[in-house]
Each structure stands twice: as structure tokens, then as C-alpha cells.
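A single structure is presented below for examination.
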There are 2 protein chains.
Amino acid sequence: MPTEAIETILALAHAHATIARALEVQGLSFAELRLLFALRAAEPEGRRPTELARELQLTPSGVTRALLPLEKRGIVLREKDPGDARASHAKLTSAGSTVVGDAIGPAGERAAKLLRRLSIGQTKQLQRLLEEIGR
Amino acid sequence: MPTEAIETILALAHAHATIARALEVQGLSFAELRLLFALRAAEPEGRRPTELARELQLTPSGVTRALLPLEKRGIVLREKDPGDARASHAKLTSAGSTVVGDAIGPAGERAAKLLRRLSIGQTKQLQRLLEEIGR
DNA sequence: GACAATTACTTGAGTCGTCACATATCATCC
DNA sequence: GGATGATATGTGACGACTCAAGTAATTGTC
């Protein structure tokens with residue numbers, strides 16, 4: 001029954017709306033946090049915008065626009081790729097590392113609060129199931 | 001460890017981005033589909049915008065803006081509440097019912113495809129876990 | 001039964017992302 | 001070594017949403 005699949009997808013959308021609303025920390029939107037976490041995981045080389053687009057499920061265009069304000073705020077910088085003049089690498093600045101580091105605590109607290117009704121096992125289970133969706 | 005909660009939340013965001021991208025059917029965005037499914041569930045009385053906002057985790061303002069193009073397309077209509085002049089009720093038009101009815105098949109197929117790696121039991125489990133998040 | 005507080009919705013301005021298109025560079029193949 | 005196509009990114013126009021503020025109607029209170 002495909003209708004059940006729709007129900008599940010709608011539940012996912014609802015949960016997402018809830019978390020996106022709750023997870024704004026220190027002047028960073030949830031979308032910005034996702035981007036910064038990705039960059040943090042990419043230390044120290046940084047990530048190419050195209051890779052970020054794939055990881056975050058954005059268009060390359062969306063990555064350009066997302067990086068721009070973060071660059072202006074001095075949280076992110078971009079370096080040209082020495083071997084490929086088309087490409088660049090986005091990295092956290094040292095100020096950016098601090099910002100992300102400071103955000104993790106509060107973000108973790110809010111995330112834990114959102115998942116408070118789930119046991120540790122259920123949380124892990126949820127994560128496993130979610131990871132099956134995007135390939 | 002709150003970091004694990006963040007991981008789960010990030011997995012949820014990733015899954016959501018995947019599904020929102022995949023679930024566009026017949027000229028309707030995923031956000032529009034969510035709204036129309038809510039209205040379909042509210043047949044025949046319709047729903048007040050405020051209720052829709054709560055159900056869909058939008059602001060009332062967002063509901064106003066979401067309804068507008070659907071009204072223009074003749075998919076949704078709004079009636080004044082006879083008992084409360086501030087309020088209105090949004091309903092599917094009969095054309096709208098047809099549109100939603102026609103969308104369910106393809107939407108269900110795509111939803112099922114996204115969940116193809118999960119068994120029926122896992123899908124139900126996922127849904128239960130997700131529903132715990134938004135209260 | 002006036003007046004303050006609340007509720008229902010709308011609107012202006014701004015953010016975040018898309019799509020379609022443009023630009024620049026790289027890779028290939030003849 | 002120039003044409004051809006793919007790849008990496010940026011831009012204009014627009015869509016979908018938010019927040020803050022505004023309007024209008026309703027409720028509660030004394």
C-alpha cells in the first residue's frame with residue numbers, strides 16, 4: 001500500500017520542520033549549522049562547493065549563496081585550488097572553528113531535547129533507518 | 001553524548017532534503033502536497049488556516065502565502081466562517097479533489113521508492129519514531 | 001457596555017533556496 | 001593544437017518561508 005509510504009514521508013517532513021525550527025543556535029540557522037558541521041568534518045583541507053552540494057543535498061548555486069554570508073562574517077574562507085582554476089576549497093577560519101565549537105554544546109542539548117522521548121537504542125535505530133533513505 | 005543526537009538530527013535533515021526533492025508531482029511541490037493532503041483529511045468542512053499552520057509547522061503567514069497560488073489555480077477555496085468574522089475555512093474545490101486524487105498514485109510510488117530499502121515493519125517503526133519527535 | 005487583552009489573519013521586507021543560464025577552465029580526440 | 005564536451009562555479013529572476021507589524025473581530029472583566 002503506497003499510502004503508508006506517504007504517511008511515513010509526511011511524518012518525516014513534520015519532524016524535520018520541528019527540528020529546523022528548534023535548532024537555531026548563536027545566530028546560526030539550522031542550514032548554516034549543517035554546512036559548518038560538514039566543513040568541520042572536512043578539516044583541514046576543506047571541501048569543494050560541489051562536494052558540499054552533494055553532501056548537503058543542495059544545488060551548487062545554493063552552496064554559493066550559503067557560503068557568501070558566512071565568508072562575510074569571517075567564519076568561512078575560500079581558497080583557489082592550485083591544480084584546477086575552476087575549483088575552490090571552502091574552509092573554516094580559526095574564528096569559524098571557534099564558532100562551531102561553541103555551537104556544538106547548545107545544539108547538542110536542543111537535539112537531545114527533541115529526541116528526549118526516544119531511548120538511546122531507538123535514537124540509533126532511527127538514525128540507521130534514516131540513513132537508508134538517502135542511498 | 002549529545003553529539004549522537006546531532007548526528008541523528010543531521011541524518012533526518014539529509015533524508016528530508018532527499019524526499020522533498022523527489023516528491024514533486026504534477027506541478028505540485030512537496031510543500032503544496034503536504035497542504036493538500038491536510039485539506040483532504042479535513043474534508044468536508046475544511047480547515048482554518050491557523051489549524052493548518054499548527055499541523056504543517058508553518059507560521060500563519062506562511063499558510064496565507066501557500067494558499068494564495070492554490071486559490072488562483074482553483075484547487076483551493078476559502079469560505080468565511082459564519083460564526084467568526086475573523087476566521088475562514090480552506091477547502092479543496094472539486095477540481096482540487098481530483099488533483100489530489102491524481103497525485104496520490106505517483107506520490108505513493110515515489111515515496112515507496114525512497115523507502116525501498118526498508119521492510120514494511122521498518123517503515124512503520126520509522127514512522128512511529130518520527131512521530132515521537134514532534135510531540 | 002466600554003476597554004483591554006486575545007485571536008485570526010494579512011502584509012512588507014528580508015532570507016534561503018531553486019532553476020535556467022552564463023562563464024571559465026579542463027579533458028579528449030582527431 | 002583547435003573543436004567539443006564535460007565540470008566547477010556564479011548570477012538574475014523568482015518561489016517559499018520567516019519575522020515584525022498591522023488590521024479586524026472577539027472575549028473577558030469590571
Side-chain angles (χ1 to χ4, degrees), chain A residues 13-14 16-25 27-36 38 42 45-73 75-91, chain B residues 13-14 16-25 27-36 38 42 45-73 75-91:
Chain A
H14 192 274
H16 177 261
T18 303
I19 65 168
R21 202 171 276 283
L23 256 109
E24 288 176 23
V25 192
L28 298 170
S29 71
F30 182 51
E32 286 173 330
L33 273 179
R34 287 220 300 150
L35 176 50
L36 294 178
E45 332 85 44
R47 277 270 197 281
R48 304 230 316 256
T50 302
E51 294 169 329
L52 288 171
R54 192 178 29 71
E55 274 183 55
L56 303 174
Q57 305 263 168
L58 294 178
T59 59
S61 161
V63 173
T64 298
R65 305 215 200 258
L67 288 174
L68 218 59
L70 294 172
E71 270 186 277
K72 282 200 185 134
R73 289 166 68 181
I75 292 173
V76 164
L77 63 84
R78 309 179 67 161
E79 291 176 355
K80 306 215 172 217
D81 184 316
D84 185 340
R86 296 167 302 178
S88 62
H89 291 263
K91 299 184 188 183
Chain B
H14 192 275
H16 177 262
T18 303
I19 65 169
R21 203 170 275 281
L23 256 107
E24 288 175 23
V25 192
L28 298 170
S29 70
F30 181 51
E32 286 172 331
L33 273 180
R34 286 220 299 150
L35 176 50
L36 294 178
E45 333 85 44
R47 278 268 197 282
R48 305 229 317 257
T50 303
E51 293 170 329
L52 289 171
R54 192 178 28 71
E55 276 183 53
L56 303 174
Q57 305 263 169
L58 295 178
T59 59
S61 161
V63 173
T64 297
R65 303 210 201 263
L67 287 174
L68 218 58
L70 294 171
E71 269 187 277
K72 281 200 185 132
R73 288 167 68 180
I75 291 173
V76 164
L77 63 83
R78 307 178 68 162
E79 291 176 354
K80 307 216 171 213
D81 184 316
D84 185 340
R86 295 167 303 178
S88 62
H89 292 263
K91 300 183 187 185

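Below, all heavy atoms of this structure are taken into account, side chains as well, without hydrogens, waters or symmetry copies. Below, read A as the first sequence line, B as the second, and so on, with proteins coming before strands; counting in each chain starts at 1.
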Original post:
Reckon B:Asp81 touches a base, only the sugar-phosphate, or nothing at all at heavy-atom distances under 4.0 Å?
Top reply: nothing

Looking only at heavy atoms, the pair that brings A:Glu55 and B:His14 closest together is O-CD2, 3.1 Å

- Message: Students often get this wrong, so: under 4.0 angstrom with heavy atoms, is B:Pro60 touching a base, only sugar-phosphate, or nothing?
- Response: base

Check every strand shown and say whether B:Thr64 touches a base, only sugar-phosphate, or nothing at a heavy-atom separation below 4.0 Å. base

Output for pair (B:Leu67 CG, B:Leu77 CG), nearest 0.5 Å, gives 10.5 Å

* To do: Report yes if a side-chain nitrogen or oxygen of B:Arg78 is closer than 4.0 Å to either non-bridging phosphate oxygen (OP1 or OP2) of C:dC9; otherwise report no.
  => no

B:Leu52 CG to C:dT10 P, in whole Å, measures 11 Å

Atom CG of A:Leu67 and atom P of C:dT15 are separated, to the nearest Å, by 17 Å

Between CG of B:Leu56 and P of D:dA16 the distance, given in whole Å, is 14 Å

Whichever of A:Gly83 and A:Ala31 has the more 5' nearest nucleotide on DNA chain C, that residue is A:Ala31

Here the distance between atom P of C:dT18 and atom CZ of B:Phe30, to the nearest Å, is 15 Å

Checklist entry - Under 4.0 Å between a side-chain N or O of A:Arg65 and OP1 or OP2 of D:dT11? => result no

Less than 4.0 angstrom between a side-chain N/O of A:Ser88 and OP1 or OP2 of D:dT9, yes or no?
yes

So, under a plain 3.5 Å distance rule, would you say the side chain of B:Arg86 forms a donor-acceptor pair with the base of D:dT26?
no

Per nearest nucleotide of DNA chain C, the residue lying toward the 5' end, A:Val63 or A:Pro82, is A:Val63

Of D:dA25, C:dG17, C:dA8, the nucleotide closest to the side chain of A:Leu58 is C:dG17

In whole angstroms, the gap separating P of C:dC16 from CG of A:Leu23 amounts to 16 Å

Ranking D:dT26, D:dC17, D:dC19 by distance to the side chain of B:Thr59, first place goes to D:dC19

- Message: What contact category does B:Ser61 fall into here, base, sugar-phosphate, or nothing, at under 4.0 angstrom with non-hydrogen atoms?
- Response: base

Below 4.0 Å: OP1/OP2 of C:dA8 and any side-chain N or O of B:Arg47: no

Between NZ of B:Lys72 and P of D:dG15 the distance, given in whole Å, is 10 Å

With the side chain defined as heavy atoms from C-beta on, A:Arg21 is closest, among D:dC19, C:dG17, D:dT9, to D:dC19

Assign each of A:Ala87 and B:Gln57 the nucleotide of DNA chain D bearing its closest heavy atom; nearer the 5' end lies the nucleotide of A:Ala87

To the nearest angstrom, the CG-C1' distance between A:Leu35 and C:dC16 comes to 13 Å

Whole-Å distance, A:Glu24 CD to C:dT15 P, equals 14 Å

